[in-house]
> 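Input: one structure, supplied below.
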Amino acid sequence: MAKHHITTTINGEEAEYLCEPQETLLDVLRDQVGLTGTKEGCSSGDCGACSVMLDGRLVCSCLVLGVEAAGKAVETIEGMADGENLHPLQQKFLEEAALQCGFCTPGVLVAAKALLDTNNNPTETEVRYWLAGNLCRCTGYDKIIRAVMDTAADMRGA
Amino acid sequence: MNEQPKQYKWVGTRAIRPDGVDKVTGRAMYGADLALPGMVEGKVVRSPHAHARIISIDTSKAEALKGVTAVITAADMPVADSKPVASGEAMINFKDLANNVLAREKALYEGQAVAAVAATTAAIAEKAAALVVVNYEVLPHVIDVMEAIKEDAPVLHDDMFTGGVKPKPEKASNVANRVEFALGDAEAGFAAADLVIERKFTTEPVHQGYIEPHAVVADMNPDGKVDVFCSSQGHFMVRAFCSQLLHIEMSKIKVTAAEIGGGFGGKTTVYLEPLAIMLSRKSGRPVRMTMSREEVFRGSGATSGAAMTIKMGATKDGKITGAYAELYLQAGAFPGSPVGPAAMTAFAPYDLDNVKVVGFDVVSNRQKVVAYRAPGAPISEYGVESVVDELASELGIDPIEIRTINAAKEGTQAAYGVKFGTIGFQETLDAAKATEHFKTPLGPNQGRGVASGFWFNIGGESCAGIRVNEDGSISLTEGSPDIGGSRASMALMAAETLGVDYHSIKPSVVDTDAIGYHFVTGGSRVTFATGMAVVEASKAAIDELRARAAKVWDVDVDGVVWEDGHAKPASTNVGDFEPMSLAEIAKVANKTGGPISGHADINAKGAGPAFGTHICDVEVDPDTGHVTVLRYTAVQDAGRAIHPAYVEGQIQGGAVQGIGWALNEEYIYDKNGRLENAGFLDYRVPVASDLPMIDAIIVEVPNPTHPFGVRGVGEVPIIPPLAAVSNAVAAATGVRFNQLPLSPPTILAGIAASK
Ligand code: FES
Ligand code: FES
């Protein structure tokens, strides 16, 4: 089958790749573009490990085709820090031990950032429902929820 | 929360983990993240049947497909000897392990590997897998543990005769083994009781549910050397198992531990690794293999479903006089359920004179179970803690009080054999009782449950190396895959011992060529055992540092002490020397004898048993049967919390896995023995919106055998939730369900039946 030549923007930089029509954005990011920070936990939209932003919308990259990213802007975990400066969420996750194995972490961070970008004063319930699509089997979510709430508080204070 | 004792500068602090930045930026390399030049992709062909004889396998069509580089079946694998080995905390036979990795004569469960292929792309490998033609003779199957022990049940292994019974049975059966132990006379204990309660319980099979599927990259050179990169709880285990299964010398296999995306016991054995090596040998190229989520559910991990009878008697004032347990645990396709530890832990929290426990290890047509956090204990202690709760409420005694009356303490003879040393069970009960949570009133349809849990914790082989670099920084090497922040704990213990800045230490989990054998990351052993190795290696480095300072000062080494990161003269008699810092000694190392290091290779003994007590509040919706966990407190004796935040994390994560086990998680099979819910949509692990905060309270009763008092924390917290949740549901509804999971239909049916 002929491959499609896709031009897109990934983490603010122009990027191009060749992909088969049935390949997911997740596979393309990991195998063609070499951005393995986005994880695969299920490939069925149930775990959120593959969360990325597509034109400002939070999506499961395992449910998006590589060809669909044409002309759009993709943001992944690799683009979250500003050079050496971690995003406040990344920093807070480290300070508050909101990760154990760290496998869910890229997806959780991308999703949490999407929340704080639109709502910097979420309630605990809002954070819990927003992150309900991001499975974490290690932490019991307690420290994740606290880290997101504390980051929001810092960002409001700043 | 306890703050660190004054004498410690680093131990007990919440330092940022050394591998943290890699993990929040997406840099960390997990099992599936490695790509090598020329790498091909492997795929497993799995049995669609729960029980079937393999008549023939035709690989010719798959081999002919363009892009396919190798196809393997059990015929490509050496025939394994029948030999038991430790797998995690259980034993497994290599013949069984080989059959589990690649079925030879029979497929014993849906999802068992029967062949594997490698091809230039994953899509071609998928196609090739579908072209492997396996001719099966489908056999009758059995899944449920009580069905499997019936006289007329389909027998999985016609050469399996129940062990542990005399005389040896004449007929093969699915009961692999019977275990029994006793203390005193249980019957006499029941005769002395004012109240005896006997209940039957069932629990369903559940999966560890690590978010990272199994993944490996293997590369075999033409000269027979093998490089393996994989996600596992023990790269030395992977080396040993692959060596045994494939008859390759250990020194020829180098295994590098990828970052691991959760394991909880499920990554203490091999599935893909030997296949990837065999495919690489045949392909002449590196091979990557990853499981899909479906394959993870069908073909890996998981623990037993179980049935049990628990009988306990007590006097009016709450003293337990007799206890009896009969446990039946699924082993899956091959012997080796965690019935042993289930039996040993069942009554361990209590100081009892009269105990009898009988357990049965039962095979059935499911994947071979593998360790899951405190293997077996959540099952047996669920039954026991439920009966203790019922005794308490029948006798009108507070649930914490009845546990206090019977709590094991220092000197208690446990029925499973040991006499406890210093333990902190009572301290967890006291801390639970003192919580504001325990005193808060409840509303309508709400209930509160309390339950405790016990786990042995283990030691085992670990090694560590401390290298003092020329600039005074420290490279710390060890070989325990870091699942939840253990690099941080290792560096904290080294910093404390050496008296240097935590940030000057870089801990690394190194490959199997670079350090000595480590037992797996499991059994709550890493902070205890590998931590002990790190402390000993640090002390060895200190001895060397003292010797070097002695050389500089031209004094006897006995005249030099190590304090606060500096060599100092032991007294004014030794001489008047300015203390030398570690960095100053390192700088002149070339003049005093060369590089400075310290090493330790140990088999750690004296792991400290640990206990926890949990309090759970629930609300049950009488119309839908839905259970909401309103509030949760988990108290645990950690001995010493080296890194309190990661200790709390273990407690919180374990508690939530236990809540999932209690409320939503279960394997559901159709009538053909095929799993119906092999995905996260239908196998529902707890999500953030299901839960409240989990209040973790750390109690510290130091383990006297560890230099900092560590006991190990990972496993205890999954034990109490099963009974804590179901005791709370019983309090809320007035109905005792005695079965898990407490799903809405179960609750509704129970409420209806009680009316
Ligand atoms: S991998 Fe996309 S949601 Fe799980
Ligand atoms: S930290 Fe392991 S899955 Fe979230």
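Note on naming: letters A, B, ... go to the chains in the order of the sequence lines (proteins, then strands), and numbering restarts at 1 for each one.
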> Is there a donor in the side chain of B:Gln652 and an acceptor in the side chain of B:Glu648, or the other way round, less than 3.5 Å apart?
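Absent: no donor and acceptor within the cut-off.
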
> Measure distances from B:Ala32 to the heavy atoms of chain A and classify the residue's part below 4.5 Å as side chain, backbone, both or neither.
both

> Shorter than 4.5 Å, heavy atoms on both sides: which option in B:Pro213, B:Gly485, B:Gly654 has the most such pairs with chain A?
B:Pro213

> Applying side chain to side chain contact (heavy atoms under 4.5 Å, CB included), can you list everything that pairs with B:Thr633, at least two apart in sequence or on another chain?
B:Thr435, B:His437, B:Ile615, B:Val635, B:Asp695, B:Ile697

> Heavy atoms only, distances under 4.5 angstrom: which of B:Val21, B:Asp19, B:Asp482, B:Ile651 has the most pairs with chain A? Name it, please.
B:Val21

> Check this for me, if you would: do A:Lys39 and B:Asp33 make a salt bridge, where the nitrogen-to-carboxylate-oxygen distance has to be below 4.0 angstrom?
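Salt bridge flag = yes for B:Asp33 with A:Lys39.
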
> In Å and rounded to the nearest 0.5 Å, what is the CZ to OG1 distance from A:Arg146 to A:Thr139?
11.5 Å

> Assess, by modelled atom type and distance only, whether the side chains of B:Gln636 and B:Gln650 contain a donor and an acceptor separated by less than 3.5 Å.
no

> Looking at A:Ser43, A:Cys138, A:Pro106, which one has more heavy-atom pairs under 4.5 Å with chain B than the rest?
A:Cys138

> Below 4.5 Å from any heavy atom of chain A, which atoms of B:Ser292 appear? Answer side chain, backbone, both or neither.
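Neither part.
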
> Which answer fits A:Phe103, side chain, backbone, both or neither, if we ask what part of it has an atom under 4.5 Å from a heavy atom of chain B?
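Answer is both: backbone and side chain atoms of A:Phe103 are under 4.5 Å from chain B.
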
> Taking side chain as everything from C-beta outward and backbone as N, CA, C, O, which of these in B:Arg288 sits under 4.5 Å from a heavy atom of chain A? Side chain, backbone, both or neither.
side chain

> Tell me which of these, B:Ala15, B:Gly679, B:Ala215, B:Pro692, has more heavy-atom pairs under 4.5 Å with chain A than the rest.
B:Pro692

> Name the member of B:Ala488, B:Gly20, B:Gly649 that forms the most heavy-atom pairs with chain A at distances under 4.5 Å.
B:Gly649

> Is it true that the side chains of A:Tyr129 and A:Thr123 contain a donor and an acceptor less than 3.5 Å apart?
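No.
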
> At a heavy-atom distance under 4.5 Å, which candidate from B:Glu665, B:Glu259, B:Met29 has the highest pair count against chain A?
B:Glu665

> Indicate whether any N or O donor in one side chain lies under 3.5 Å from an N or O acceptor in the other, for B:Ser524 and B:Glu715.
yes

> Can you measure from CD (A:Glu96) to CG (A:Asp142) and round to the nearest 0.5 angstrom?
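Interatomic distance, A:Glu96 CD to A:Asp142 CG, rounded to 0.5 Å: 10.0 Å.
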
> Less than 3.5 Å apart, any donor N or O on the side chain of B:Arg373 or B:Gln657 sitting next to an acceptor on the other?
yes

> In terms of heavy-atom pairs under 4.5 Å with chain A, which of B:Ala28, B:Ala35, B:Gly484, B:Ser486 leads?
B:Gly484

> Side chain, backbone, both or neither: which part of A:Asn134 has a non-hydrogen atom closer than 4.5 Å to chain B?
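Neither part; nothing is under 4.5 Å.
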
> Please classify the contact between A:Leu135 and chain B as side chain, backbone, both or neither, with a heavy-atom cut-off of under 4.5 Å.
both

> Does some side-chain heavy atom of A:Leu115 sit less than 4.5 Å from a side-chain heavy atom of A:Leu131?
no

> Can you tell me which portion of A:Phe93 sits under 4.5 Å from chain B's heavy atoms? Options are side chain, backbone, both or neither.
side chain

> Pick one of side chain, backbone, both or neither for B:Ala645, based on which atoms fall under 4.5 Å of a heavy atom in chain A.
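Both parts, heavy atoms under 4.5 Å.
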
> Does A:Arg128 use its side chain to pair, donor to acceptor, with the backbone of B:Ala688 at less than 3.5 Å?
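Yes: the side chain of A:Arg128 pairs with the backbone of B:Ala688.
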
> So among B:Tyr372, B:Tyr683, B:Phe264, which one has a ring pair (Phe, Tyr, Trp, His ring centres under 6.0 Å) with B:Trp661?
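Option passing the ring pair (Phe, Tyr, Trp, His ring centres under 6.0 Å) with B:Trp661: B:Tyr372.
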
> Is A:Glu40 close to chain B through its backbone or its side chain, or both, or neither, when contacts mean heavy atoms under 4.5 Å?
backbone

> Is B:Arg17 close to chain A through its backbone or its side chain, or both, or neither, when contacts mean heavy atoms under 4.5 Å?
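Interface part for B:Arg17: side chain.
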
> Could you grab the distance from atom CG of B:Leu34 to atom OG of B:Ser231, nearest 0.5 Å is fine?
13.0 Å

> Which value, rounded to the nearest 0.5 Å, describes the distance between A:Glu126 atom CD and A:Ile145 atom CD1?
12.0 Å

> Identify which part of B:Val296 has an atom lying under 4.5 Å from any heavy atom of chain A, answering side chain, backbone, both or neither.
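Neither; nothing under 4.5 Å.
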
> Which of the residues A:Ala98, A:Gly37, A:Gly41 is involved in the greatest number of heavy-atom pairs with chain B at under 4.5 angstrom?
A:Gly41

> For B:Glu294, which atoms come within 4.5 Å of any heavy atom of chain A: side chain, backbone, both, or neither?
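For B:Glu294, neither part sits under 4.5 Å from chain A.
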
> For B:Ile211, is it the side chain, the backbone, both, or neither that has a heavy atom closer than 4.5 Å to a heavy atom of chain A?
both

> Need one label for B:Val656: side chain, backbone, both or neither, based on atoms under 4.5 Å from any heavy atom in chain A.
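For B:Val656, side-chain heavy atoms alone lie under 4.5 Å from chain A.
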
> So what's closer than 4.5 Å to chain B heavy atoms on A:Leu94: side chain, backbone, both or neither?
both

> Checking heavy atoms, do the side chain of B:Glu212, its backbone, both or neither come under 4.5 Å from chain A?
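For B:Glu212, backbone and side chain are both near chain A.
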
